[in-house]
Amino acid sequence: MKLNYRDKIILGALLAFVILLGGFFLAVKPKYNAIKNDSEALKKAQADKEDVDNKIAEIKPLQDEIKATYEATTKLTNDFVAYNDIYNARKLDQYMQHFAEDCEVKVTTLVASDLGESTLSYYYFTPSYVGESMLEAADLNGDRQAAIAEDKAESDALQGRTQESVLAGNYDITVLGTKENIYKYLQSIEDQDKTIIINTVDLGDMIINPEAFEKTADGLGNELSDEQKEMLEDDAEIEAKFNISVYSVYELSEPNVEAD
């Protein structure tokens, strides 16, 4: 069959279309699919990056919070005697020696203990009222009970708290010194900034108020003994006994919050 010029033109155009279509499927379409897949992968990567950035943004405040907690805890730890200073009886004795030396009292007996686990009680005052049950019955409007509850709020809150565990060493000591130096010894322990608590004080034969003591003796018609007269002297040496608790805690390890 002979093709005329018009048919040849149509056939040529058809062949060119077929070739272009084939080229599209063989070359262009895979590229298109690759671009499409890459676009989807890019979107996913961007979403993952955004998720990571959000998590990083959350980490910074958490790091700051951990650091702030560590610093606050360290300040609380500093209120206690360092563990390495009192971890056994010998170290505890060495730590406490300077109080006696500085106040010029002589240590006559001493018993110190190694550190052990203990609890540290809260110190608080609980108000009391005479005839509180009758007061409650007479309080028709509840005003008095509200005032009492307000007065007891602090002690009630502390009474309900759990007592925390700490390390404690016990220190029983008997010292000999003048009244002034005995008082200085007590005051020096009171004034230091660590958690050391004097549990009991036994001042033996010390006359706290000589003037009142003499007046009482005169009023009763009693004559002071030579020993009592000696005890009234300012430079009289008194034997005093103290039971003291020295508290410590383990230091908190510094947290590593920085990324490696």
Side-chain angles (χ1 to χ4, degrees), residues 71-127 154-155 157-159 161-213 227-228 230-252:
E71 291 172 359
T73 303
T74 299
K75 289 180 180 179
L76 292 176
T77 302
N78 289 337
D79 290 336
F80 293 86
V81 180
Y83 170 82
N84 288 335
D85 289 342
I86 58 169
Y87 61 83
N88 62 23
R90 180 178 61 84
K91 296 290 288 185
L92 175 58
D93 178 31
Q94 290 176 347
Y95 182 83
M96 294 294 294
Q97 277 180 5
H98 76 91
F99 292 109
E101 293 171 356
D102 294 345
C103 299
E104 300 179 351
V105 295
K106 303 171 187 176
V107 178
T108 57
T109 65
L110 170 67
V111 178
S113 73
D114 294 339
L115 280 186
E117 187 171 342
S118 180
T119 55
L120 186 58
S121 302
Y122 294 97
Y123 281 80
Y124 55 86
F125 169 73
T126 301
E154 181 178 355
S155 60
L158 291 175
Q159 188 175 20
R161 285 188 182 180
T162 302
Q163 295 183 1
E164 301 299 336
S165 295
V166 293
L167 302 172
N170 194 63
Y171 194 71
D172 284 297
I173 185 172
T174 304
V175 299
L176 189 66
T178 63
K179 286 191 289 186
E180 180 182 359
N181 288 342
I182 296 291
Y183 289 145
K184 281 172 61 178
Y185 181 79
L186 285 167
Q187 194 64 48
S188 65
I189 295 176
E190 175 69 21
D191 290 343
Q192 54 80 43
D193 60 356
K194 302 299 181 182
T195 307
I196 301 176
I197 297 175
I198 301 174
N199 301 310
T200 62
V201 177
D202 181 357
L203 298 178
D205 296 328
M206 180 187 289
I207 299 174
I208 305 298
N209 190 328
E211 185 178 347
F213 184 84
E227 183 179 345
Q228 288 174 327
E230 184 179 341
M231 294 296 292
L232 292 175
E233 300 294 331
D234 291 337
D235 59 351
E237 286 198 325
I238 312 297
E239 187 176 74
K241 299 177 182 179
F242 308 100
N243 174 259
I244 301 170
S245 293
V246 184
Y247 294 95
S248 181
V249 293
Y250 291 116
E251 292 184 4
L252 186 67

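Reckoned from all heavy atoms, side chains included, excluding hydrogens, waters and symmetry mates.
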Please report the shortest heavy-atom distance between [X] and [Y], naming the atom on each side.
X: Gly177; Y: Ile182; result: O-CG1, 3.8 Å
X: Lys194; Y: Asn78; result: NZ-O, 2.6 Å
X: Lys184; Y: Asp102; result: NZ-O, 4.4 Å
X: Ser248; Y: Phe80; result: CA-CB, 3.9 Å
X: Ala112; Y: Leu92; result: CB-CD2, 4.1 Å
X: Val166; Y: Val249; result: CG1-CG1, 4.0 Å

In this structure, which one of Asn243, Thr200, Leu110 forms a side chain to side chain contact (heavy atoms under 4.5 Å, CB included) with Asp172?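 The option that passes is Asn243.
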
- Query: What residue among Asp202, Val201, Thr174 forms side chain to side chain contact (heavy atoms under 4.5 Å, CB included) with Phe242?
  - Reply: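 Exactly one candidate clears the test, Val201.
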
Using 0.5 Å steps for rounding, measure from the [atom1] atom of [X] to the [atom2] atom of [Y].
X: Tyr171; Y: Ile86; atom1: OH; atom2: CD1; value: 12.0 Å
X: Leu186; Y: Asn181; atom1: CG; atom2: CG; value: 11.5 Å
X: Tyr247; Y: Leu167; atom1: OH; atom2: CG; value: 11.5 Å
X: Leu115; Y: Tyr87; atom1: CG; atom2: OH; value: 10.5 Å
X: Asn170; Y: Ser118; atom1: CG; atom2: OG; value: 9.5 Å
X: Ile173; Y: Asp93; atom1: CD1; atom2: CG; value: 8.0 Å

Any donor and acceptor pair, going by atom type alone, linking the side chain of Ser188 with main-chain N or O of Phe99 inside 3.5 Å?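 No: the side chain of Ser188 does not pair with the backbone of Phe99.
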
